[in-house]
Each structure stands twice: as C-alpha cells, then as structure tokens.
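Remarks on the structure that follows.
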Protein chains: 2
Amino acid sequence: MPPTGSASSDFDAATAVTRTEGGGLLAELDPGWDVGGGILNGGYLLAVAARAAVLDGPHPHPVALSASYLRATAPGPATLTVVPGPAGRTLAHSTVALVTDAGPTLQVQATTATLGADDAPEWSSPVPDVPAPDECLNAAPGASLGGHPVPAIGLRHRVETRMDPATAGWALGRPSGEPVMRAWVRLADGREPDPFALVLFADVLPPTIWGMGLFGWAPTVQLQVLVRALPAPGWCLLESRASEVAGGWIDEDYRIWDSTGRLVAQSRQLARAPKPR
Amino acid sequence: MPPTGSASSDFDAATAVTRTEGGGLLAELDPGWDVGGGILNGGYLLAVAARAAVLDGPHPHPVALSASYLRATAPGPATLTVVPGPAGRTLAHSTVALVTDAGPTLQVQATTATLGADDAPEWSSPVPDVPAPDECLNAAPGASLGGHPVPAIGLRHRVETRMDPATAGWALGRPSGEPVMRAWVRLADGREPDPFALVLFADVLPPTIWGMGLFGWAPTVQLQVLVRALPAPGWCLLESRASEVAGGWIDEDYRIWDSTGRLVAQSRQLARAPKPR
C-alpha cells in the first residue's frame, strides 16, 4: 500500500504512515526534523500520529489531538497502534500510540472530522498586527540573528520561520521580558498548509521563555492541538504565549492564523521550564 | 479499602474511587452533578478520573488531564481502568478509561506530579477586575436572574456560582455579543478548593455562546485541564472565553485564579456549538 501524502513533499514523506502486510502501521521517523541533540520535534511526531488516526477512519481531518509525551523520541522506525472509538457522521474518536525501539513515546487522544471549505466563523479572534514576512527576521539555520548564528537544528531547515522583530529581542541580546513569540511560518518544501501542517506548526517556535532570557530546552509534557479550519495557501502567522511560569512548569498557548487572517488552529501545552540561572 | 477523599464533603463522596476485592476500580456516578437531561457534567467526570489516576501513582496531584468525551454519561456505577506509563521523581503518566453500562464514555491522558506549596511564579497572568462575590449575580437554582429562574440543574446546587454582571447580560435578555463568562465559584459543601476541585471548575460555567444569545447545549468533545498550583482557601475566579465559533464547533478557554489572585488552573475544550437560530 502506498504511503499517505505526496512523495514530492519532504513533510509528507517524513510523516508518511504505511500499512505492513501483517496489518500493522509503520512510520520512519526522519532525523531531519530534530530540535537538537537527536531529539525529534513534538509537532512533527504529533503529525505522524494524526496521519495514523485518519488512515482507516471515516473522516479526513484531525480536529483535536491531545498527546502525552512519555519520553524524548529519536529518529528511526516506529510502529503506530490505533484503537478506534465511537465514530459518527460528525466526528470520530480514537487512541493512537507511537512506539519506537525505546518503547512507547507518544500516547494520543485523537478526534477526527470533516472540515468544511467555507465555514465562515460566527465569532473569531482578530489577527495580531505583525510586519509582513519580508520585514521579519529570517531564522534560517546559519543566518545571523543579532550577531548570533541560528542553530542548525533540522526543524529550522524544514520550516521557514520569520520572527516578528517585536518578539525577537532575545535574539538580539535584549529579551523583552515577556514569554511571547510571533512568527510567520511555511513549509520549506513549498507544500501549502493543511491540517497536518497545522499540527506541526502548533509546536514549532522557540520556547517562549527565551523571551524572558531563560535559554534552554522546555520538553513538552502534554500538548493539545485544535484544528479549526482548512488553511488558505501561503504563510501562517503564529503567536505563542505563556500564561504562567512557576515551580519548573510552563504552559504555552499557540494561535495560528492563515494568510487570509482566519484563526485556523490553537494549541496548549504543559512543559517543563528551565530554571532561572 | 476506604474511598479516597473525605466523607464529610459531597464533592469528595461523589468523586470517590474505591478498589474492589478483585482489584478493580469503581465509582458511583452521582445524579446530583448533572447539567440537565440526566447528563453528568464533564468536569465532574474528569475529577473522578483524576482520583483514579493518583490512587496508585507516585504523585498526589493531577497537573495535566486530556480527555475525550466519547458519549454523554449518565449517573450510576462506573469502572475505571488505569494503565500506568513512565513515572519518575518529577511526574508520572497514565491513561484512564471510565466505563459505564453504556460502554466507555471517557478516555483520559493523565499526568500527575507533586505541586509545591510555595512555588512563587516567575511570570503570571494578571487577575481580571471583577466585583466581589457579594456584588455579583447569584446563579443559585431557582433564583431569579433578570426575571428568569436559574434552571435547577444539579451542578448549580453543588457549586456556588456568582456571575460577573458584565458578562451576564444574556441572563437579563441583553447578551453582550461576546462569548465570555466570568464568575466566582466555590463548592457548596464548604470544602476548600484543591486540584480535584479545580478540575471540576474547569468546565463548570454556562456555555460561552450564551453570551452571543445562542442558547443550547455545547457538548464537550475534548477537554484539557492544567493544574498549575495549589489553590488558597476561598472563592476561585473563573474566566471562560471562546476564540472561534464556526462550522458547528466552538473552543472554550478557562483561566482560574484563587482568592489570592494566583493563576491556579487553565483549560481548553473543543465542543460542538448550537446552530444560530
């Protein structure tokens, strides 16, 4: 059986889920989507789980995914197990487990549905005022951001990231003091956004605590992503924001708008916070 | 084995989880915590699941719970199944399933930890400006709110609810047009708040779309609750807010502050939205 997605897109190839002759589901977790230290990005892993959730389900789109990150996940082969739950005309529930050589690494509650192409919102959040992508800071690996080279983690090669200068003071040695980030993003392979790309984008920015000058890794504990609409082609605008940093814990909220200014996804995660130095 | 919690609290008794001689976990879902139509409140059910998650785990507090609501849940006996995941000094993961006569109704990703009593926040969200509880509208069952009696659903008997007049225009026949609600709440049994009560509170207000004049039931599809700190005694202040209403879907975000103004919990849910009339 051919893998899901299009072979011409790096993202589709890296998130493909295939069925074995024995009926199991396999993915080959791609080392190119790391966040440093050989650890894969949480949004990338959740997109792989989302592909598994829709593979045999009645609906094509992930609309709600809640994942526990059981341990850091390294590249390599992974098996996926989908346990279907109640399914109907409006939505379907399932549970997805991702298991690597190291054991189970991701456990996901998945809800899928069929998003409409023209569901105009009755209420929506306004898009923040951010300079156009060309006027933002290009966080390409190796590029100089305020005199500091952007780390060459795989994720920044795969997702073009243009940071809003107003929330990128940390890159210039002048952290704003606020745990907020805004950026335009798009897939570097030229593929237009869809619900699976939105799942990836929902955990793609640097940790918001960098805005407070606290540099370090903030490993995700639980992440919930809601996909609210089919995104229009073009750049997506992301805003991530922490509400509280305390006791070694941080939350991060993402909102994602498409190129037309429509709110198309939201996420919230609980993560461990690096300690102040 | 005695049930968890204190027998002198209605909330503790109604959320108690007991172990049978055979080793299984049982709860008796209490008809007093309904939201109408013999359907139990989602926060109440999640609090029961949270009790199961901590029962044999190494940590006493639920810090992240993500639940899929598979079907509406009626009162009566329920069994709970806890599958432990990785556990360490900082946190422990597990999966909790709640099953009634109607089949599985709730599937939960649970993360537990040990919250500190004095983890002062390094960053936090300011508490909104709301009149004191005595100056808010008492949404007690049978009370008159703008000439309309408050429906006698069980939940409003169990949780004292004082609505901020600024977001209660819908009760007076003048919906604000904004899907926002604010209220002070506390358990009617006099028990002080703790992480389990915060889980209940995270889904305790009327649907935010009532603020838009769209009256109807908004059944929860997925709900994530984060408990950020041990709450101080007294009233908790809740603010719920929808970011988008579209295509028959609505999100609801809760923030919960304790009586000292500390942000102690957050939640987000995806729900089905009643259609405009």
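These figures come from a predicted structure and were not determined experimentally. Proteins get letters first, then strands, A, B, ... in listed order; numbering begins at 1 in each.
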Option that, when pairs with chain B are counted at under 4.5 Å, heavy atom only, ranks first among Ala113(A), Gly177(A), Pro179(A): Pro179(A)

Spatial distance of atom CD (Glu122(B)) from atom CD1 (Ile209(A)) [nearest 0.5 Å]: 9.5 Å

Portion of Thr208(A) that has a non-hydrogen atom of chain B nearer than 4.5 angstrom: neither

Closest-packed option against chain B by number of heavy-atom pairs under 4.5 Å, given Glu178(A), Gln266(A), Arg255(A): Gln266(A)

Pairs meeting criterion ring pair (Phe, Tyr, Trp, His ring centres under 6.0 Å) with involvement of residues 38-68 of chain B, two or more places apart: Trp33(B)-Tyr44(B)

Under 3.5 Å: donor-acceptor pair, side chain of Gln222(B), backbone of Gln109(A): yes

Option in Asp251(B), Leu270(B), Leu65(B), Ile250(B) with maximal non-hydrogen atom pairs under 4.5 Å from chain A: Asp251(B)

Heavy-atom donor-acceptor pair, His93(A) side chain to Tyr69(B) backbone, under 3.5 Å: yes

Selection from Ala273(B), Ala242(B), Pro121(B) maximising heavy-atom pairs under 4.5 Å formed with chain A: Pro121(B)

Region of Ser94(B) that comes under 4.5 Å of a non-hydrogen atom in chain A: neither

Part of Leu263(A) within contact of chain B (heavy atom distance under 4.5 Å): both

Residues in residues 80-91 of chain A near chain B [non-hydrogen atoms, under 4.5 Å]: Pro86(A), Thr90(A), Leu91(A)

Close contacts, residues 229-237 of chain A versus chain B, judged by heavy atoms under 4.5 Å: none

Part of Ala110(B) lying under 4.5 Å from any heavy atom of chain A: backbone

Which atoms of Leu70(B) approach chain A - backbone, side chain, both or neither, heavy atom under 4.5 Å: both

Smallest separation among heavy atoms of Trp249(A) and Arg228(B), with atom names: O-NH2, 3.3 Å

Side-chain heavy atoms of Thr95(A) within contact of Thr95(B), under 4.5 Å: no

Partner chain B: residue of Ala120(A), Ser243(A), Ala64(A) with the largest heavy-atom pair count (under 4.5 Å): Ser243(A)

Test side chain to side chain contact (heavy atoms under 4.5 Å, CB included) applied to Val63(B) and Val221(A), step by step: CA-CA 10 Å; Val63(B) 295; Val221(A) 174; 5.8 Å; no

Distance (rounded to the nearest 0.5 Å) between Ser66(B) OG and Gln269(A) CD: 11.5 Å

Which residues share a side chain to side chain contact (heavy atoms under 4.5 Å, CB included) with Ile39(A), sequence neighbours left out: Val35(A), Ala72(A), Trp217(A)

Ser124(B) and Glu244(A) side chains, donor-acceptor separation under 3.5 Å: yes

